[in-house]
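Heads up: the structure comes next, in structure tokens.
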There are 2 protein chains.
Amino acid sequence: MAKTIITIGREYCTGGNYIAEDVANALGIKLYDKELITMAAKHSGLSEEAVAASEKRRTHSLLYSLYTMGNELPLGDQVFILQSRIIKQLAEEGPCVILGRCGDYVLRDRKDVLRVFIYAPVEWRRELAKTDPLVKAHDEKGIKEEIEKTDRNRAAYYNYYTQNRWGDAHNYDLAINAALGRETCVKMILDAVAAKEKTMAE
Amino acid sequence: MAKTIITIGREYCTGGNYIAEDVANALGIKLYDKELITMAAKHSGLSEEAVAASEKRRTHSLLYSLYTMGNELPLGDQVFILQSRIIKQLAEEGPCVILGRCGDYVLRDRKDVLRVFIYAPVEWRRELAKTDPLVKAHDEKGIKEEIEKTDRNRAAYYNYYTQNRWGDAHNYDLAINAALGRETCVKMILDAVAAKEKTMAE
């Protein structure tokens with residue numbers, strides 16, 4: 001039984017979600033992804049749609065800041081704080097895989113966390129997008145734009161809330177080019193979990 | 001017999017040089033490190049000391065630029081071009097491990113290159129520094145300064161010559177936290193080599 005919490009950040013269309021699933025299954029632990037949004041929504045009393053929308057909004061837009069100045073904290077910040085609390089609580093409960101949501105940053109004070117980042121060259125991701133049922137666009141131009149926009153949003157969200165730089169190797173224990181293959185990525189993460197647990201036990 | 005060229009970039013005091021040695025030995029291929037300087041020096045007619053000194057100089061110093069404005073190209077740039085040519089030639093000759101020297105960037109047009117970056121938390125590196133015979137400083141303060149200065153120089157050199165960002169995962173196929181252990185790092189690199197060769201063969 002694994003003792004490690006694994007956080008996985010990933011570029012869009014790298015298959016990072018499938019790798020996360022495989023890792024969770026191999027270790028017999030839970031994977032937390034969009035469920036987090038649902039849980040955050042339930043805890044906050046905000047609607048699920050409002051929470052989901054706040055994530056997609058560019059967090060450093062001036063207009064958005066002006067709009068929310070009347071409240072104590074902008075909606076996006078409230079949601080981030082709520083999700084962070086939930087991530088911390090899940091980590092307290094035991095080993096799990098946390099996909100996205102700045103998990104690496106939120107859990108930065110814990111020693112039992114393996115932080116993974118998955119990326120791939122954009123040409124490779126465009127190929128994968130053609131067969132990924134989660135991708136909305138259907139033509140080359142649409143896929144290109146969907147990838148660019150999603151990455152831009154993820155980077156903006158991460159950089160805003162963590163003050164780190166999304167995709168900078170220094171924030172992770174392991175960063176892998178998904179083009180090496182899904183199986184290889186899973187194997188490496190499992191090897192890293194084993195190595196982490198060995199060094200923790202020493 | 002490996003068919004892949006492996007470039008390894010690394011922060012100071014991560015043991016990246018020892019990992020590179022182990023990988024080269026495991027695959028039965030050559031490792032190129034400071035030899036590159038020697039070769040570059042021999043090819044250029046510049047003294048070995050001058051070449052080595054040019055690498056340590058901060059490449060974007062205004063004073064240095066003014067000093068070299070009289071020549072066709074600054075000394076540092078000449079050395080970089082020479083070393084790049086040598087790296088390309090070595091890659092042509094066959095599989096090898098290339099440590100540092102922006103190898104990932106120099107060989108960016110080749111498909112048969114696995115690009116690795118090795119980093120570690122600074123506290124972990126300070127501990128390693130105490131037992132690493134290559135480290136010059138002997139007290140805590142000196143070690144801290146030596147690590148900071150060497151990293152600063154490496155980042156400045158890489159960022160100047162490649163226009164990329166040193167340590168950004170996107171520049172590499174694999175970035176590993178050396179704190180996972182030397183053996184794990186070597187194993188992961190060998191796994192990645194095997195995966196790379198498998199996808200190349202498909």
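Sequence lines set the chain letters: A, B, ... in the order given, protein chains first and strands last, and positions in each chain run from 1.
- Listed for the A:Y32 side chain is no donor-acceptor partner under 3.5 Å among the backbone atoms of A:L90.
- Between the side chain of A:Y119 and the backbone N or O of B:Y172 there is at least one donor-acceptor pair closer than 3.5 Å.
- Neither the backbone nor the side chain of A:A178 comes within contact range of chain B, judged by heavy atoms closer than 4.5 Å.
- Taking 4.5 Å as the heavy-atom cut-off, none of the residues of residues 123-135 of chain A approach chain B.
- Using a cutoff of 4.0 Å between basic side-chain nitrogens and carboxylate oxygens, A:E92 and A:K88 are not scored as salt-bridged.
- Heavy-atom pairs under 4.5 Å with chain A were tallied for B:D173, B:N171, B:T199; the largest tally goes to B:D173.
- Not one N or O on the side chain of B:E21 forms a donor-acceptor pair closer than 3.5 Å with the backbone of B:L31.
- Scanning residues 6-18 of chain B against chain A with a 4.5 Å non-hydrogen threshold yields B:E11, sorted by number.
- Of the two parts of A:K198, neither the backbone nor the side chain holds a non-hydrogen atom closer than 4.5 Å to a non-hydrogen atom of chain B.
- The two residues B:C185 and B:I19 make their nearest non-hydrogen contact at CB-CD1, 3.7 Å.
- Ionic pairing of A:K3 and A:D112 is not present here: no N-O contact between side-chain nitrogen and carboxylate oxygen is shorter than 4.0 angstrom.
- Few gaps surround CZ on A:R110; more than 12 heavy atoms of other groups in view lie less than 6.0 Å from it.
- Taking the six-membered ring where the residue is Trp, A:W166 and B:H170 present tilted rings, their angle falling between 30° and 60°.
- Ion pairing of A:K141 with A:D139 is absent here, as no side-chain N (NZ or NE/NH1/NH2) approaches a carboxylate O to less than 4.0 Å.
- Here A:N177 is the residue among A:I176, A:L114, A:N177 with the most heavy-atom pairs under 4.5 Å with chain B.
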Test side chain to side chain contact (heavy atoms under 4.5 Å, CB included) on A:D104 and A:R108 and set out the steps.
CA-CA 6 Å; A:D104 58 290; A:R108 66 193 177 282; over 6 Å; no

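- A:E148 has a carboxylate O that lies under 4.0 Å from a charged side-chain N of A:K144, or vice versa, which qualifies the two as a salt bridge.
- Contact of B:A179 with chain A is made through the backbone alone, with heavy-atom distances under 4.5 Å.
- No donor-acceptor pair under 3.5 Å is formed between the side chain of B:Q83 and the backbone N or O of B:R101.
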